[in-house]
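Starting from 1, each residue takes its place in the sequence as its number.
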Amino acid sequence: MAKTRPGKRDADSYTIRGTNKIVKAGDCVLMRPSETNTAPYVARVEKIEADNRNNMKVRVRWYYRPEEAVGGRRQFHGAKELFLSDHHDMQSAHTIEGKCVVHTFKNYTKLENVGPEDYYCRFEYKPSTGAFLPDRVAVYCKCEMPYNPDDLMIQCDECKDWYHPACVDLTVEEAKQLDHFICSEHGSDEDAKKPQQNSLTNGKVEVENSPPA
């Protein structure tokens, strides 16, 4: 845990300007970016300090977006994906614009509704070296890509593997109408495509299973 700096005292919380939202150590927050028309920075508050004039500062651990990391944004990165970095800073508490929730990947995939304040993290990232932890994750489909929770996937009834519709020559709409699906390794195209009306929840096909997080 970080030590309190000379002339400073620990504070239990900070109330975001113009709101009644209270920030405490361990909370995830949205911080005002240095440039206009850019998305807010996301950070985890590690510590809150105040000086004798009650000026508040927060020690934060930054989350990086995929486009800010080595390698950039890739196909399997979801729109709300973040990497927890080992980059720490002291920032004025007044730069905090709001609170957010950074879920584990598994918990994020179970959300029925994803709100503007919802994000997820499945990797830690070291900006100094460009290294990720873990450095390997499960891959799916013919394209052998990690799971992107923004993308619809369908499961083969035989092998239980998961596929992107486009990778098995289906449109998303066709995939949503499937009664069941058998991949080309375990059946003919005719076996794979038997339509029915499936119920939809928030634009997603209701399925019993999804690729493991």
Side-chain angles (χ1 to χ4, degrees), residues 1-5 8-51 54-74 76-135 137 146-150 202 210 212-213:
M1 184 174 179
K3 294 182 179 179
T4 303
R5 297 177 298 162
K8 310 293 180 182
R9 58 179 172 79
D10 288 346
D12 292 330
S13 64
Y14 168 74
T15 302
I16 301 173
R17 274 184 170 180
T19 77
N20 59 0
K21 294 180 179 179
I22 297 174
V23 173
K24 296 184 177 182
D27 288 343
C28 293
V29 295
L30 303 171
M31 305 194 74
R32 185 169 60 249
S34 55
E35 298 179 4
T36 57
N37 300 320
T38 58
Y41 300 136
V42 182
R44 189 171 73 192
V45 175
E46 305 277 289
K47 188 181 183 66
I48 304 172
E49 290 182 358
D51 63 17
N54 214 34
N55 294 315
M56 310 284 281
K57 285 188 174 291
V58 288
R59 177 175 169 82
V60 298
R61 184 175 179 183
W62 294 110
Y63 285 96
Y64 279 49
R65 289 183 170 84
E67 55 269 27
E68 298 167 338
V70 172
R73 181 172 288 279
R74 299 179 63 187
F76 64 87
H77 291 137
K80 306 303 288 290
E81 183 155 8
L82 302 170
F83 309 143
L84 180 61
S85 79
D86 60 357
H87 177 188
H88 295 79
D89 264 332
M90 291 297 300
Q91 294 286 315
S92 169
H94 296 325
T95 61
I96 298 175
E97 296 185 325
K99 296 178 68 173
C100 63
V101 181
V102 181
H103 302 270
T104 65
F105 185 52
K106 184 175 183 179
N107 287 345
Y108 182 86
T109 61
K110 294 179 179 179
L111 292 178
E112 291 187 8
N113 296 292
V114 176
E117 73 284 356
D118 290 311
Y119 296 86
Y120 70 89
C121 176
R122 57 178 154 180
F123 296 106
E124 291 191 14
Y125 174 64
K126 292 184 177 293
S128 60
T129 63
F132 289 89
L133 185 69
D135 59 359
V137 292
Y147 177 43
N148 180 341
D150 297 342
N202 301 318
S210 59

- Task: Please say which of D27, V29, V45, I96 ends up in a side-chain contact (heavy atoms from CB on, under 4.5 Å) with Y14.
- Result: I96
- Tell me, please, which residues at least two apart from I22 pass side-chain contact (heavy atoms from CB on, under 4.5 Å). S13, T15, K24
- Message: Within this structure, what is the OH-CG distance for the pair Y125 and D86, rounded to the nearest 0.5 Å?
- Response: 9.5 Å
- Message: With side-chain contact (heavy atoms from CB on, under 4.5 Å) as the criterion, how do Y147 and V137 come out once you've worked through the C-alpha distance, each side chain's angles and the decisive distance to 0.1 Å?
- Response: CA-CA 9 Å; Y147 177 43; V137 292; over 6 Å; no
- Message: For a side-chain contact (heavy atoms from CB on, under 4.5 Å) check, start with the C-alpha distance between E49 and N55, then their side-chain angles and the critical distance, and finish with the verdict.
- Response: CA-CA 8 Å; E49 290 182 358; N55 294 315; over 6 Å; no
- Item | Charged N-O contact under 4.0 Å between R44 and E46 | yes
- Measure across Q91 and T95 and return the closest heavy-atom pair with its distance rounded to 0.1 Å. CB-OG1, 4.2 Å
- Message: As an exercise, state the distance from OH of Y63 to SG of C28, rounded to the nearest 0.5 Å.
- Response: 4.0 Å
- Message: Rounded to the nearest 0.5 Å, what separates atom NZ in K57 from atom CG in D51?
- Response: 8.5 Å
- Give a yes or no answer on whether the side chain of S85 reaches the backbone of Y64 with a donor-acceptor pair at less than 3.5 Å. no
- Message: My understanding is that only residues two or more places apart in sequence, or in another chain, count here; which of them pass salt bridge (charged side-chain N to carboxylate O under 4.0 Å, His left out) with R65?
- Response: none
- Item | Nearest-0.5 Å distance, CZ of residue F83 to NE2 of residue H77 | 3.5 Å
- Message: If we ignore hydrogens and angles and just use 3.5 Å, is the side chain of K80 paired with the main-chain N or O of D118 as donor and acceptor?
- Response: yes
- Message: Closer than 4.0 angstrom, basic N to acidic O: yes or no for R74 and E81?
- Response: no
- Query: Should the pair Y120 and F105 be assigned to parallel (<30°), tilted (30 to 60°) or perpendicular (>60°) ring geometry?
  - Reply: tilted
- Message: To the nearest 0.5 Å, what is the distance between CE on M31 and SG on C100?
- Response: 11.0 Å
- Before giving the answer on side-chain contact (heavy atoms from CB on, under 4.5 Å), spell out for S34 and Y41 the whole-Å C-alpha distance, their side-chain angles and the decisive distance to 0.1 Å. CA-CA 9 Å; S34 55; Y41 300 136; 3.4 Å; yes
- Task: To the nearest 0.5 Å, tell me how far R122 CZ sits from F76 CZ.
- Result: 6.0 Å
- Which pair of non-hydrogen atoms, one from A93 and one from V58, has the smallest distance, and what is that distance? CB-CG1, 4.2 Å
- Does NZ belonging to K99 count more than 12 external heavy atoms closer than 6.0 Å? yes
- Query: Any salt bridge between E67 and R73, counting N to O under 4.0 Å?
  - Reply: yes
- Between V42 and L30, is a side-chain contact (heavy atoms from CB on, under 4.5 Å) present by the stated rule, with each step listed? CA-CA 5 Å; V42 182; L30 303 171; 3.9 Å; yes
- Output yes when a side-chain donor or acceptor of N148 lies under 3.5 Å from a complementary backbone atom of D150, and no otherwise. yes
